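Within every chain, numbering begins at 1; the chains are lettered A, B, ... in the order of the sequence lines, protein sequences first and strands thereafter. Remember, predicted model here, so these are calculated numbers, not experimental data.
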Amino acid sequence: MTPMSKPVVTRFAPSPTGFLHIGGARTALFNWLYARGRGGKFLLRIEDTDRERSTPEATAAILQGMEWLGLDHDGDVISQFDGAARHAEVANQLLAEGKAYKCFATQEEIAEFREQAKADGKSTLYRSPWRDVDSADHPDAPYVVRIKAPQSGITTIKDQVQGDVTIRNDQLDDMILLRSDGTPVYMLAVVVDDHDMGVTHVIRGDDHLNNAARQMTIYEAMGWDVPVWAHIPLIHGPNGKKLSKRHGALGAQEYQSMGYPAAGMRNYLARLGWSHGDDEFFTDAQALDWFDFDGIGKSPARFDTKKLENLSGQHIAVSEDAALQHEIQAYLASAGQPALNDVQSANLEKAMYCLKERAKKFPDLLEKAEFALASRPIQPDQKAAKALSSVFIRILSELTPQLQNVSWTRDDLERLLNSLAEAHDTKFGKLAGPLRAALAGRAVTPSVFDMMLILGREETMARLADTAG
RNA sequence: GGCCCGUUCGUCUAUCGGUUAGGACGCCAGGUUUUCAACCUGGAAAGACGAGUUCGAUUCUCGUACGGGCUGCCA
């Protein structure tokens with residue numbers, strides 16, 4: 001790429017037949033990173049030419065997933081189906097120029113041929129007998145339009161990830177451009193749309209690698225510039241198999257419902273199949289700056305929840321409190337849980353500093369935030385109740401009046417608790433459990449001093465009094 | 001079946017002919033500790049296999065095995 005080359009335009013082109021799964025999300029992310037990192041455009045096109053399987057619900061789910069991940073696109077969402085007339089126009093132009101032809105073979109004939117070829121152990125590549133038939137000899141019957149693919153020579157896909165991939169042209173079939181009902185097929189539509197949209201770099205799953213060779217015949221027939229190809233390896237499930245719904249592939253949004261922050265998800269997804277030296281944890285700005293084709297690996301990667309959690313926790317720790325608040329509310333909504341009310345939000349905000357560094361996901365954070373979210377009287381859960389034996393309750397009730405006059409600082413509170421422990425010939429560590437239980441009703445919380453500081457003198461004393469009965 | 005692609009610790013990866021094959025997550029042991037998380041120290045853990053090229057291969061070539069993809073009037 002020279003500085004003079006035209007601006008980068010990438011696109012993400014999912015078909016709306018289901019949710020945005022993790023592999024698609026990563027493809028979208030790579031396209032987004034490549035374009036945005038270079039001041040280019042990132043477009044979104046919905047490949048809805050298959051009317052049978054495309055649904056508006058799926059489109060909505062994809063859009064929502066993109067939004068959650070923060071992958072904003074330029075311009076309107078483009079519907080591939082809307083361009084059907086233009087696609088047909090191109091096919092007809094090719095037909096007029098003799099670069100495509102009408103094929104009258106029926107689907108039954110072709111199916112029969114394939115079955116036979118398979119039985120004979122021969123290539124199932126279909127060669128239409130109509131390729132060179134004069135139009136005067138055409139029957140009055142339904143037909144499909146096929147492109148005249150080259151039958152000799154080679155086609156080389158100069159791929160930025162896979163390197164040069166060469167395919168013998170005699171392996172290429174005369175693919176269908178227009179169905180017998182006149183509607184365009186995907187293979188034609190992608191090429192026309194990518195050209196018309198000015199897409200300069202096609203970054204997509206390597207399941208399209210072979211298709212690229214076939215699509216190149218259309219580019220050549222039309223005399224169009226071929227885009228830069230980058231076919232990235234697919235993501236596999238934990239079992240090493242292709243990601244599928246059956247193998248637990250989840251929609252991007254389910255990760256939101258599980259409480260992962262979008263920034264952590266982006267970091268993890270970017271790191272899956274792409275690397276920049278030994279960098280593991282990075283910001284969007286860094287990813288944007290670093291992302292390039294030479295860092296993309298050639299082999300498929302497996303999804304690893306543990307690593308996602310680790311990265312997720314690191315991102316939560318460095319996030320701004322206000323941003324975390326917003327994301328947590330969105331998480332609750334996506335998980336179908338009640339939103340935090342104003343009081344809870346305010347308390348959460350006060351407690352955020354000591355919560356965000358010890359949570360991997362939002363549910364962990366909220367669990368530890370329970371002391372700030374709950375209101376009196378605190379109901380201890382089973383584990384907390386166990387810590388509240390009568391002997392400790394007695395010590396706590398002894399503590400309560402002493403809290404009245406102590407200065408409400410961490411140092412003084414620590415001093416007070418330590419001397420109280422000493423007076424009972426024990427260590428502060430022994431007191432922490434019951435105190436925690438009384439203040440939070442939970443066994444897992446931030447430091448008891450942080451809780452006391454956040455709760456304040458009055459509330460702390462009230463909760464201890466409640467516990468002492 | 002045909003064609004295409006891939007193969008480094010359990011997982012994600014670094015290495016662009018010469019390294020005790022590095023890092024991260026996870027795991028194990030120990031430490032710290034106020035629960036959880038975090039943190040500190042240490043540890044186990046990898047070049048699929050077989051040839052070839054080379055003074056020297058994880059790295060280049062070929063073959064085998066295994067995995068994946070495509071082979072639709074799906075995208």
Side-chain angles (χ1 to χ4, degrees), chain A residues 13-17 47-50 52-54 80 103 105-107 110-111 114 117-126 142-146 157 159 162-163 165-168 170-173 175-181 183 185-187 189-190 205-211 213-214 231 233-234 236 238 240-242 268 271-281 294-295 297-311 313 317 355 357-360 364-365 367-368 383-384 387 417 427-433 435-437 440 442-449:
Chain A
S15 54
T17 54
E47 313 248 71
D48 53 358
T49 53
D50 183 345
E52 299 281 298
R53 299 196 298 161
S54 298
Q80 184 160 67
C103 171
T106 65
Q107 297 196 53
I110 298 171
R114 289 215 172 90
K118 212 164 217 173
D120 297 346
K122 290 198 279 208
S123 168
T124 55
L125 193 100
Y126 181 69
Y143 60 87
V144 298
V145 174
R146 289 181 185 272
I157 303 158
D159 195 277
Q162 309 289 339
V165 177
T166 299
I167 293 182
R168 291 208 318 273
D170 59 17
Q171 297 296 325
L172 264 28
D173 63 344
M175 64 180 167
I176 290 174
L177 265 20
L178 254 32
R179 302 184 180 95
S180 50
D181 64 359
T183 58
V185 299
Y186 161 79
M187 284 289 184
V190 235
D206 69 7
D207 49 339
H208 287 284
L209 184 57
N210 288 288
N211 290 338
R214 310 207 289 155
H231 289 94
L234 267 16
H236 285 179
K241 299 282 186 204
K242 186 186 180 185
Y268 178 69
R271 194 62 190 67
L272 205 53
W274 171 77
S275 62
H276 181 265
D278 284 336
D279 295 305
E280 301 285 350
F281 171 76
D294 58 17
K298 290 179 153 195
S299 51
R302 299 186 194 195
F303 197 86
D304 179 14
T305 307
K306 291 287 191 191
K307 187 141 185 181
L308 202 213
E309 279 187 1
N310 178 276
L311 253 12
L355 293 168
E357 287 184 355
R358 49 211 325 150
K360 292 184 168 175
D364 310 346
L365 191 150
E367 160 79 20
K368 287 169 178 167
K383 278 187 183 168
L417 266 308
K427 285 185 173 174
F428 164 67
K430 295 284 185 196
L431 259 43
L435 223 198
R436 168 174 294 112
R442 298 295 159 100
V444 175
T445 75
S447 141
V448 293
F449 297 112

Does a nitrogen or oxygen in the side chain of A:Arg302 sit under 4.0 Å from OP1 or OP2 of B:rG67? no
Side chains of A:Thr124 and A:Arg114: any donor to acceptor distance under 3.5 Å? no
Determine: side-chain N/O of A:Thr124 to OP1/OP2 of B:rU71, distance under 4.0 Å, yes or no. no
Hey, is the side chain of A:Lys307 poking within less than 4.0 Å of OP1 or OP2 on B:rU11, counting only N and O atoms? no
Assert: residue with more 5' nearest nucleotide on RNA chain B, out of A:Gln162 and A:Arg271, is A:Gln162
Using a strict threshold of under 4.0 Å (side-chain N to carboxylate O), is an ion pair present between A:Lys306 and A:Asp304? no
If I pick the P atom on B:rU11 and the same atom on B:rA46, what distance separates them, to the nearest angstrom? 12 Å
Under 4.0 angstrom between A:Arg114 side-chain N/O and B:rG72 OP1 or OP2: yes
Roughly how many Å apart are B:rU13 and B:rG30, using the C1' atom of each and rounding to a whole number? 28 Å
State which residues pass side chain to side chain contact (heavy atoms under 4.5 Å, CB included) with A:Ile176; sequence neighbours excluded, sorted by chain then number. A:Val144, A:Arg146, A:Val185
Pairwise P distance for B:rG1 and B:rC12, with rounding to whole Å: 27 Å
Using whole Å, report how far CG of A:Leu308 lies from P of B:rU11. 18 Å
Which whole-number value in Å describes the distance from A:Ile110 CD1 to B:rC74 P? 11 Å
Roughly how far, to the nearest 0.5 Å, is CG of A:Asp173 from OH of A:Tyr126? 11.0 Å
Under 5.5 Å between ring centres and under 30° between planes: does that hold for A:His208 against the base of B:rA75? yes
On RNA chain B, compare the nucleotides closest to A:Leu311 and A:Asn210; which residue's is nearer the 5' end? A:Leu311
Between atom CD1 in A:Ile157 and atom C1' in B:rC4, what is the gap in whole Å? 8 Å
May I have the distance from A:Arg358 (atom CZ) to B:rU34 (atom P), rounded to whole angstrom? 13 Å
Need one value for A:His231: base, sugar-phosphate or nothing, where a base atom within 4.0 Å counts as base even if backbone is also close, heavy atoms only. nothing
Tell which nucleotide pairs with B:rA65, taking only Watson-Crick or G-U wobble pairs whose two distances are both under 3.5 angstrom. B:rU7
